[in-house]
Trainee: 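Below you'll find the structure I mean.
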Amino acid sequence: MSHDEFPTDQPAVVTCGLPYANGDLHVGHLRTYVGGDSFARTLETLGQETAYVSGSDMHGTPVAVNAEQQGVDPEDFALEWHEQYAETFPKFNVEFDNYGHTHDETNTELTQEIVKTLEDEGHIYEKEIQVAYDPVADDHLPDRYVEGTCPYCGEKARGDECDEGCQRHLEPGEVEDPKSTITGNPAEYRERTHKFFRVSEFSEYLTEFLDGLEGTSNAQNQPRQWIEEGLQDWCLTRDMDWGIDYPGEEEEDIVLYVWVDAPVEYVSSTKQYSERVGSDEYDWERVWKDEGEIVHVIGRDIIQHHTIFWPAMLEGANYNAPRAVAATGFITINGKGLSTSRNRAIWAKEYLEEGFHPDLLRYYLMTTGGLQQDVDFSWDAFQEKVNGELVGTVGNFWYRSLLFAYRNYDGTPDVGVSPDVEDRIEGAIGEVREAVNDYSIRGIGQAATRLAQFGNEYIQRHEPWKLTDEEPEKAAQVIRDCVQIAKAVGVLIAPITPDKAQALWEQLGEDGAVENARIEDALEAPPRRFAEPGELFEKIEDERVDELNEKLADRVAAAGDDGDDEEDAAEGSETAGDTDDDSDSDDNDPAGDLEPLLEDRIGFGEFQDLDIRVGRIEVAEGIEGADDLARLEVDIGFESRQVVAGIKQLHDLEELPGEKIILLANMEPAELFGVESNGMILAAGDEADLLTTHGDADIGEKVQ
RNA sequence: AGCGGGAUGGGAUAGCCAGGAGAUUCCGGCGGGCUCAUAACCCGCAGACCGGUAGUUCAAAUCUACCUCCCGCUACCA
């Protein structure tokens with residue numbers, strides 16, 4: 001099936017993957033939510049009736065586990081995060097029509113109703129399965145409460161997913177040698193009755209569904225693969241008490257799996273919106289059950305749920321199928337993966353505290369790289385984008401046009417717009433339409449920026465400042481055209497930089513809000529008179545960028561220290577030697593890569609705390625599943641130590657046995673890839689040049 | 001190792017899914033112009049064997065196969 005182009009006559013709903021109520025928001029989240037927001041806003045300017053909804057994901061084992069660890073109620077724990085999210089999004093002009101959460105009444109009821117329907121339609125069956133159970137703590141252990149060995153590949157695996165090995169989704173009872181992640185107790189399997197959803201019966205439907213699915217290509221290719229490999233039925237229930245009760249079994253100690261009620265929140269949130277504004281204004285049932293355009297914007301890690309499980313649920317419960325799934329790529333920071341634990345991230349809160357306008361980040365995130373592309377964030381690139389495009393192109397054009405118009409005509413000159421300028425604006429509108437139908441937010445921004453660029457060219461080519469005296473009519477015409485272009489740029493860019501567009505709107509003397517404007521308004525004349533304009537964008541100075549880079553580097557370095565220092569040390573100097581402002585000078589530059597000497601001196605006593613020994617490698621073998629790690633057995637005289645070192649790629653492991661090496665022996669034990677490490681091999685540099693002795697020091701001798 | 005993404009002028013990117021004149025845009029470099037405007041803006045120039053190999057084709061950056069190299073994920077982190 002194919003879809004009509006946006007805008008259509010049907011109401012649309014744009015949803016964003018639910019943020020998990022478990023931690024602070026950062027620039028990676030924002031990319032998805034701003035993306036959905038911009039897309040929804042653009043649909044509205046095109047005249048499409050649109051609701052933009054999302055909500056917090058409150059359930060699931062991580063919330064339960066974290067709450068438990070902090071000794072608080074999971075509901076309170078999750079609600080706290082929920083409230084923070086609800087406050088943060090508007091600060092980035094991410095304006096949901098409704099933002100709910102999965103634990104509220106609407107969602108509880110609707111989820112149960114949908115499950116009930118699935119049951120009535122015969123899509124659910126009961127099955128006795130083996131569930132991990134901690135006999136000491138007298139607790140059932142769903143999902144991540146249990147870990148063990150993957151039955152498929154033999155790697156260490158979590159209860160619900162073979163995360164380190166073959167990546168397979170594991171059904172309850174599959175993981176072997178289970179033990180509790182909470183108590184560490186070995187778990188036993190007990191027979192329990194659980195509910196299963198016949199996803200396997202939807203293979204054909206889903207194949208067809210995928211054929212008509214729009215959005216980003218990554219959301220279409222991967223699921224096809226999964227279907228070909230054969231779909232498994234999903235276990236819908238879990239033995240725990242944090243979650244939504246299975247309908248009709250409230251008294252049982254069983255709740256619905258978090259991925260059942262999470263996507264239902266899309267519907268619930270729409271429903272709440274509908275109930276607030278009235279169904280005349282927006283009818284959630286029409287959208288979800290009849291003929292709406294459903295667009296899911298998600299992070300690419302949850303493609304499976306949105307292209308397999310969720311559409312099957314919708315179909316099974318007689319709901320409408322999604323029109324599109326747009327999966328965003330990930331964000332890297334200065335070329336490296338965003339890592340919340342290492343604090344290598346740009347936090348939402350932090351960005352605002354730095355005093356930058358949210359629209360700047362929105363513009364950066366939306367116009368740097370395509371939606372499904374991984375995008376790098378760096379303050380340098382941010383500066384370049386802002387100074388070059390927003391200040392130089394858009395802001396400058398707005399300001400020079402309006403200022404000229406204000407000074408010479410007190411506003412918009414009283415003539416019509418030239419036909420070719422009108423054509424150019426229409427062309428830009430066409431680009432926006434095309435971009436929307438391609439799910440290309442960047443295309444929307446580019447259409448606007450390019451139009452501003454055209455405006456700059458236009459004004460320069462016609463040099464109205466030369467014409468005011470000699471050919472006043474011509475001058476008026478040029479300025480009239482420029483004012484129109486300026487307004488059009490404002491209308492087109494409003495979905496991406498709503499505040500800034502609104503400011504322009506007001507400078508033009510327009511009433512109301514630019515977000516209520518239609519795209520055709522780009523061609524409507526602004527009011528005859530307007531006041532003196534001001535500059536809407538400010539340059540970011542180099543010093544500011546240096547400062548921000550330093551802050552980030554310091555933070556990452558600080559977090560890196562107590563993280564996985566063993567691995568870092570073994571790998572060489574992966575940490576931060578930064579502060580270089582251009583940060584791009586990585587490759588083949590050994591001399592420039594040396595870490596700076598530490599300023600702090602230590603005493604002899606502190607040195608003596610390090611028990612460094614001469615050892616001999618007895619066994620060296622790669623650790624399966626790890627790129628760099630090798631397991632070594634090292635003889636240090638008294639005993640043989642098992643050590644994990646990041647040298648798999650850097651040395652020929654077969655030649656290592658027999659080598660004399662230097663070992664930091666009183667390193668606290670660590671577990672890497674499931675292998676315990678009891679010491680640290682000393683090595684120099686990125687290539688892990690192993691240290692040894694030159695004389696005949698005995699094995700086990702202390703280095704001092 | 002598995003999975004995902006990528007390899008295009010100095011840097012960053014588009015095009016590639018619907019193959020056709022040696023290819024986009026931005027930053028930077030060089031030269032020039034202009035001054036209404038935020039040391040801006042405009043014009044022009046230099047510069048690329050489109051990662052490698054083989055294949056399909058009249059024709060490939062664009063399709064197929066294999067390979068190399070980068071990057072991310074594999075702590076619910078979008």
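The chains referred to below are lettered A, B, ... by the order of the sequence lines, with proteins before strands, and numbering in each begins at 1.
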Trainee: Kindly write out the residues that satisfy side chain to side chain contact (heavy atoms under 4.5 Å, CB included) with A:His29, not counting sequence neighbours, or none if the list is empty.
Mentor: A:Leu25, A:His26, A:Tyr33

Trainee: Rounding to an integer number of angstrom, what distance separates B:G55 and B:U8 when you compare their C1' atoms?
Mentor: 22 Å

Trainee: Between A:Arg362 and A:Ile496 (side chain of the first, backbone of the second, donor and acceptor by atom type, cut-off under 3.5 Å), is there such a pair?
Mentor: yes

Trainee: When you measure from the side chain of A:Thr328 to the backbone N and O of A:Ile298, does any donor-acceptor pair fall under 3.5 Å?
Mentor: yes

Trainee: So which protein N/O to nucleotides 13-15 of chain B N/O distances come out below 3.5 Å?
Mentor:
residue : atom : partner  : partner atom : Å
B:A14   : OP1  : A:Gln373 : OE1          : 2.6

Trainee: Determine the contact category for A:Leu30: base if any of its heavy atoms lies under 4.0 Å from a base atom, sugar-phosphate if only primed atoms, P, OP1 or OP2 are that close, otherwise nothing.
Mentor: nothing

Trainee: Please collect all salt bridge (Lys or Arg N to Asp or Glu O under 4.0 Å) contacts where either partner lies in residues 438-462 of chain A, sequence neighbours excluded, each pair once.
Mentor: A:Glu431-A:Arg450

Trainee: Any base atoms under 4.0 Å from A:Gly28, or only sugar-phosphate, or nothing? Heavy atoms, all strands.
Mentor: base

Trainee: For nucleotides B:C3 and B:C17, find the distance between their P atoms and express it as a whole number of Å.
Mentor: 24 Å

Trainee: Output side-chain donor-acceptor pairs under 3.5 Å for residues 468-478 of chain A, partner residues at least two apart or in another chain, one line each.
Mentor:
residue  : atom : partner  : partner atom : Å
A:Gln477 : NE2  : A:Gly416 : O            : 2.9
A:Gln477 : NE2  : A:Ser418 : OG           : 3.1
A:Gln477 : NE2  : A:Asp481 : OD1          : 3.2

Trainee: Ring pair (Phe, Tyr, Trp, His ring centres under 6.0 Å) with A:His357: which residues, sequence neighbours excluded?
Mentor: none

Trainee: Report the residues that fulfil salt bridge (charged side-chain N to carboxylate O under 4.0 Å, His left out) with A:Asp57, sequence neighbours left out, ordered by chain and then residue number.
Mentor: none

Trainee: Could you tell me whether a side-chain N or O of A:Ser440 sits under 3.5 Å from a main-chain N or O of A:Gly443, the two making a donor and an acceptor?
Mentor: yes

Trainee: Need one value for A:Phe537: base, sugar-phosphate or nothing, where a base atom within 4.0 Å counts as base even if backbone is also close, heavy atoms only.
Mentor: base

Trainee: Given B:C77, B:C41, B:A40, which nucleotide is nearest the side-chain atoms of A:Lys539?
Mentor: B:A40

Trainee: I'd like to know if the side chain of A:His462 and the backbone of A:Pro464 have a donor-acceptor N/O pair within less than 3.5 Å.
Mentor: no

Trainee: Please list, chain by chain and in numerical order, all residues satisfying ring pair (Phe, Tyr, Trp, His ring centres under 6.0 Å) with A:Phe92, sequence neighbours excluded.
Mentor: A:Tyr351

Trainee: Applying a 4.0 Å non-hydrogen cut-off, can you work out what A:Glu535 is touching in the nucleic acid: base, sugar-phosphate, or nothing?
Mentor: base

Trainee: With rounding to whole Å, what would you report as the distance between B:G51 and B:U62 at their P atoms?
Mentor: 8 Å

Trainee: Among side-chain atoms of A:Asn549 and A:Asp380, is any donor-acceptor pair under 3.5 angstrom?
Mentor: yes

Trainee: Measure the distance from OH on A:Tyr85 to C1' on B:C77 and round it to the nearest whole Å.
Mentor: 10 Å

Trainee: Tell me: CZ of A:Arg362 to P of B:A78, nearest whole Å?
Mentor: 19 Å

Trainee: Out of B:C34, B:A78, B:G11, which has the shortest distance to the side chain of A:Glu384?
Mentor: B:G11

Trainee: I'd like the C1' distance from B:U57 over to B:U64, given in whole Å.
Mentor: 12 Å

Trainee: For A:Phe530, which residues count as a ring pair (Phe, Tyr, Trp, His ring centres under 6.0 Å) partner, sequence neighbours excluded?
Mentor: none

Trainee: Under 4.0 Å between any heavy atoms, over every strand shown, what does A:Glu541 touch: base, sugar-phosphate, or nothing? Just pick one.
Mentor: nothing

Trainee: Please classify the nucleic acid contact of A:Leu536 as base, sugar-phosphate, or nothing, using heavy-atom distances under 4.0 Å.
Mentor: base

Trainee: Which of residues 398-411 of chain A sit near RNA chain B, with a heavy atom under 4.0 Å from it?
Mentor: A:Tyr399, A:Arg400, A:Leu403, A:Phe404, A:Arg407

Trainee: State, without any angle test, whether A:Ser56 and A:Tyr99 hold a side-chain donor-acceptor pair at a distance under 3.5 Å.
Mentor: yes

Trainee: Scan nucleotides 30-33 of chain B against the protein and return all N/O pairs shorter than 3.5 Å with their distances rounded to 0.1 Å.
Mentor:
none

Trainee: Does A:Phe397 have any ring pair (Phe, Tyr, Trp, His ring centres under 6.0 Å) partners at least two apart in sequence or in another chain, and if so, which?
Mentor: none

Trainee: Within the side chain of A:Tyr20, is there an N or O that forms a donor-acceptor pair under 3.5 Å with the backbone of A:His59?
Mentor: yes

Trainee: Write down the distance separating the C1' atoms in B:G28 and B:C67, rounded off to the nearest Å.
Mentor: 34 Å

Trainee: Quick check: on RNA chain B, is the nucleotide nearest A:Asp438 upstream (toward 5') of the one nearest A:Trp465, or the reverse? Name the residue that is more 5'.
Mentor: A:Asp438

Trainee: Taking only Watson-Crick and G-U wobble pairs with both distances under 3.5 Å, what dot-bracket line describes RNA chain B, where [ ] shows pairs that cross earlier ones and | shows pairs with another strand?
Mentor: (((((((..(((.......[....))).(((((.......))))).....(((((..]....))))))))))))....

Trainee: For B:A7 and B:A12, measure between their C1' atoms and round to the nearest Å.
Mentor: 13 Å

Trainee: In this structure, how many angstroms lie between the C1' atom of B:C36 and the CG atom of A:Asn396, rounded?
Mentor: 10 Å

Trainee: Atom CG of A:Leu390 and atom P of B:C26: how far apart are they, to the nearest Å?
Mentor: 15 Å

Trainee: Reckon A:Gly17 touches a base, only the sugar-phosphate, or nothing at all at heavy-atom distances under 4.0 Å?
Mentor: nothing

Trainee: For A:Arg461 and B:C42, what is the distance between atoms CZ and P respectively, to the nearest whole Å?
Mentor: 12 Å

Trainee: OP1, OP2 of B:A12 versus side-chain N and O of A:Lys385: anything below 4.0 Å?
Mentor: no

Trainee: For the pair made of CG in A:Asn387 and C1' in B:A39, what is the distance, rounded to whole Å?
Mentor: 12 Å

Trainee: When the distance from CD1 of A:Ile459 to P of B:A40 is rounded to whole Å, what number comes out?
Mentor: 17 Å

Trainee: Taking the same atom, P, in B:C63 and in B:U38, what whole-Å distance lies between them?
Mentor: 48 Å

Trainee: Can you see which heavy atom on A:Ala64 is nearest to which on A:Met240, and at what distance?
Mentor: CB-CE, 4.0 Å

Trainee: What is the separation between atom NE2 on A:His462 and atom P on B:C36, rounded to the nearest whole Å?
Mentor: 18 Å

Trainee: Say you pick atom C1' in B:C58 and the same atom in B:A21; how far apart are they, in whole Å?
Mentor: 15 Å

